[in-house]
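Reviewing the structure listed below.
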Amino acid sequence: MHIMLKHVSCILQFTLFIYLNSIGQKISLGKPLILVPSGKIPSKIKIQKSNNNVDVILFKETYYMAFRTGAHHFPNKKSKLYILRSKDLNKWEYETEISLGNDVREPRWIEFNNRLFLYYFEGGRCPLQFQPQHIWVSYPLDSGLWYSQIIQGMDGFVPWRLKSYDNYILMSAYWGKDLYGNHKGELRLFKSFDGLSWRPISEKPQVSANGAEEGEFEFDNEGNLWACVRLEGEGSLICYAPKNSLHQWTSFKSKRKYDSSCMFNHNNNIYLVARRNLDGEFSKAPAWFPYSLKKFYNLIRYSLTAKTTALYKLNKTLKEFEWLIDLPGCGDNAFPKILSKSPNKFLLFNYSNDFNKPLIPWLVGQLKKTFIYFMEIDIQ
């Protein structure tokens, strides 16, 4: 009964404009529009079963989109990244494609010094292992062709988020090898003055907790840094660093697991879009379990429960993200990107299983078809 009620609620949200007064705010959601697969993209693109890992940027009045398509959610050698461009988000043109003979995912755009860069990482081939190899960067040449190269010194790291800061770029990246084994837990901020060569901002990592990954970060209006770090097998960390010491993160533990988080600043409030576990807090293993058993228990339970995508708002006092509203999402979902459209309106790009059907466990969704959509969000 709970699942059916949830399903009815989702349909109402996705087909009508919804006005929600939550924590003194009014939030309205537009109708989600399917991008991949659809007639909006060129027919030469070979769409596979799993379409996810999407990122979009507006560069010189043109939208550029990169997305991953593969046989399934898990690593596989047939996965590709496609790069498309559009003037109106309706008709898309082919730019190029990236195929490495290994898994390729986590595309991340950034504009810096009037240049466009796309970062991503090369993984392995085994569906049951997480094997990050190299971080790559691609960028368009004056000829219209795209050039790609491996970023030296970052093998084994996985890029997560990039932000322009002063006269350089900041990239959050985590050590991905042995993530499900004897993981050394190393999440860092790297900096670059040209987008091609990178170095850590400090000798020590910003977070060294076991299982630390997906380090999303954003700045408040005073220049202080706030971050959300996923702890694989446990929950999350909410982190803070003052503007004059961006390398020194203070962490606060959360039992909630914010998968694939995307943060943005609106009117000096920091928001987060991430996957939400409909079964409640992530970390429910008995406290007396040893770490390895606790991690295994939590991961199994998490894989077999239903998920959606949600919008949260940071409570700086409590050092926690407060749930505001659920967004379109079912089964395997959430690799969100937020673009500002006007002072109070944003475009959300995301992926999901079919959210017009009953909810399914996350693991089931990872083996089924997923599609990429976008929608408008108005936050007053």
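The structure displayed is predicted, hence computed values, not measured ones. The basis for the numbers below is simple: all heavy atoms, side chains too, and nothing from hydrogens, waters or symmetry mates.
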### Task
For this output row, return yes or no: ring centroids of Trp362 and Tyr302 closer than 6.0 angstrom.
yes
### Backbone N/O of Gln48 and side chain of Thr69: donor-acceptor pair under 3.5 Å
yes
### Query
Judged by modelled atom types alone, do Asn315 and Glu322 share a side-chain donor-acceptor pair under 3.5 Å?
yes
### Message
Main chain of Gly211, side chain of His183: is a donor-acceptor contact present, judged purely on distance under 3.5 Å?
### Response
yes
### Message
Please check: side-chain N/O of Glu216 versus main-chain N/O of Met263, any donor-acceptor pairing under 3.5 Å?
### Response
yes
### Task
Applying side chain to side chain donor-acceptor pair (under 3.5 Å), run through Asn344 and Ser342 and close with a yes or a no.
CA-CA 6 Å; Asn344 294 311; Ser342 64; over 6 Å; no
### Message
Are the side chains of Asn51 and Phe67 in contact, using a 4.5 Å heavy-atom criterion?
### Response
yes
### Message
I'd like to know if the side chain of Lys357 reaches the main chain of Asp354, judged simply by a donor and an acceptor atom lying under 3.5 Å from each other, with no hydrogens or angles considered.
### Response
no
### Contact list for residues 43-56, test salt bridge (charged side-chain N to carboxylate O under 4.0 Å, His left out), sequence neighbours left out
Asp55-Lys337
#### Entry: Donor-acceptor side-chain pairing of Ser86 and Asp88 below 3.5 angstrom
yes
### Query
What class does the angle between the rings of Phe374 and Phe349 fall in, given that below 30° is parallel, 30 to 60° is tilted and above 60° is perpendicular?
parallel
### Task
Verify the distance criterion only: is there a donor paired with an acceptor across the side chains of Lys307 and Thr305 at less than 3.5 Å?
yes
### Task
Using a 4.5 Å cut-off on heavy atoms from C-beta on, say whether the side chain of Asp378 contacts that of Ile27.
no
### Heavy atoms of other groups near Lys345 NZ, more than 12 under 6.0 Å
no
### Task
Applying ring pair (Phe, Tyr, Trp, His ring centres under 6.0 Å) between Phe157 and each of Phe190, Tyr119, Tyr174, report the one that passes.
Phe190
### Query
Between Lys184 and Asp178, does a salt bridge (Lys or Arg N to Asp or Glu O under 4.0 Å) hold up when you go through it step by step?
CA-CA 8 Å; Lys184 69 177 182 179; Asp178 302 315; over 6 Å; no
### Message
With salt bridge (Lys or Arg N to Asp or Glu O under 4.0 Å) as the criterion, how do Glu232 and Lys295 come out once you've worked through the C-alpha distance, each side chain's angles and the decisive distance to 0.1 Å?
### Response
CA-CA 8 Å; Glu232 191 61 81; Lys295 182 177 180 179; over 6 Å; no
### Message
Ring-plane angle category for His72 and Phe74, please: parallel below 30°, perpendicular beyond 60°, tilted otherwise.
### Response
tilted
### Task
May I ask you to decide if Leu311's main-chain N or O and Arg276's side chain share a donor-acceptor pair within less than 3.5 Å?
no
### Heavy-atom donor-acceptor pair, Thr370 side chain to Ser50 backbone, under 3.5 Å
no
### Message
For Leu327, is there any backbone N or O sitting under 3.5 Å from a side-chain donor or acceptor partner on Thr308?
### Response
yes
#### Entry: By ring-ring contact (aromatic ring centres under 6.0 Å, His included) - contacts of Phe112 (at least two apart)
none
### Query
Which is it for Glu186 and Arg188 under the salt bridge (Lys or Arg N to Asp or Glu O under 4.0 Å) test, yes or no, and what are the steps along the way?
CA-CA 6 Å; Glu186 183 176 335; Arg188 288 182 174 274; 2.6 Å; yes
### Aromatic ring pairing Phe121/Phe130, orientation class (parallel under 30°, perpendicular over 60°, tilted between)
perpendicular
### Query
Would Asn333 and Asn52 count as a side-chain contact (heavy atoms from CB on, under 4.5 Å) if you check the C-alpha gap in whole Å, the side-chain angles of each, and the deciding distance to 0.1 Å?
CA-CA 8 Å; Asn333 68 95; Asn52 50 31; over 6 Å; no
### Message
Give me each pair satisfying salt bridge (charged side-chain N to carboxylate O under 4.0 Å, His left out) with a member in residues 163-177, each pair once, sequence neighbours excluded.
### Response
Lys163-Glu218
### Message
Test your reading of the model: is there a side-chain donor-acceptor pair from Arg125 to the backbone of Pro75, 3.5 Å cut-off?
### Response
no
### Message
Keeping Asp220 on the side-chain end and Asn268 on the backbone end, is there a donor-acceptor pair under 3.5 Å?
### Response
no
### Task
Just say parallel, tilted or perpendicular for the rings of Trp136 and Tyr120, cut-offs at 30° and 60°.
parallel
